[in-house]
Amino acid sequence: VDTSALERLAPLQLVRTIARSIEPDEVVAPETPLPSVFEALSRRGHALVLTERRELAGIVTKWDLGRPAVVGRLFAQI
């Protein structure tokens, strides 16, 4: 995740002054296969998980790949 913009923030700066649109390649569905999530993570370092009603269900980052649940699932696929 690029944090360089955070260094230029004023303490009371409003979110709307730095917000950006969500790009389609940042979004995955809860049913997305793991290989597709890996592709999204390699491009951006994160993926936004949206429900069918387009509500944010979660955020997955490349650091989540080291969590025991993910490691166990990946090991089971080998």
- Task: Check whether any side-chain heavy atom of Leu56 sits under 4.5 Å from a side-chain heavy atom of Val49, and report yes or no.
- Result: no
- Greater than 12 external heavy atoms within 6.0 Å of Glu52's CD: no
Check: residues 27-39 side-chain donor-acceptor pairs under 3.5 Å, at least two apart:
{"unit_1": "Thr32", "atom_1": "OG1", "unit_2": "Ala29", "atom_2": "N", "d": "2.9"}
{"unit_1": "Thr32", "atom_1": "OG1", "unit_2": "Ala29", "atom_2": "O", "d": "2.7"}

- Starting from the C-alpha separation in whole Å, work towards a yes-or-no answer on salt bridge (Lys or Arg N to Asp or Glu O under 4.0 Å) for Arg20 and Glu26. CA-CA 12 Å; Arg20 64 171 180 77; Glu26 293 178 85; 2.9 Å; yes
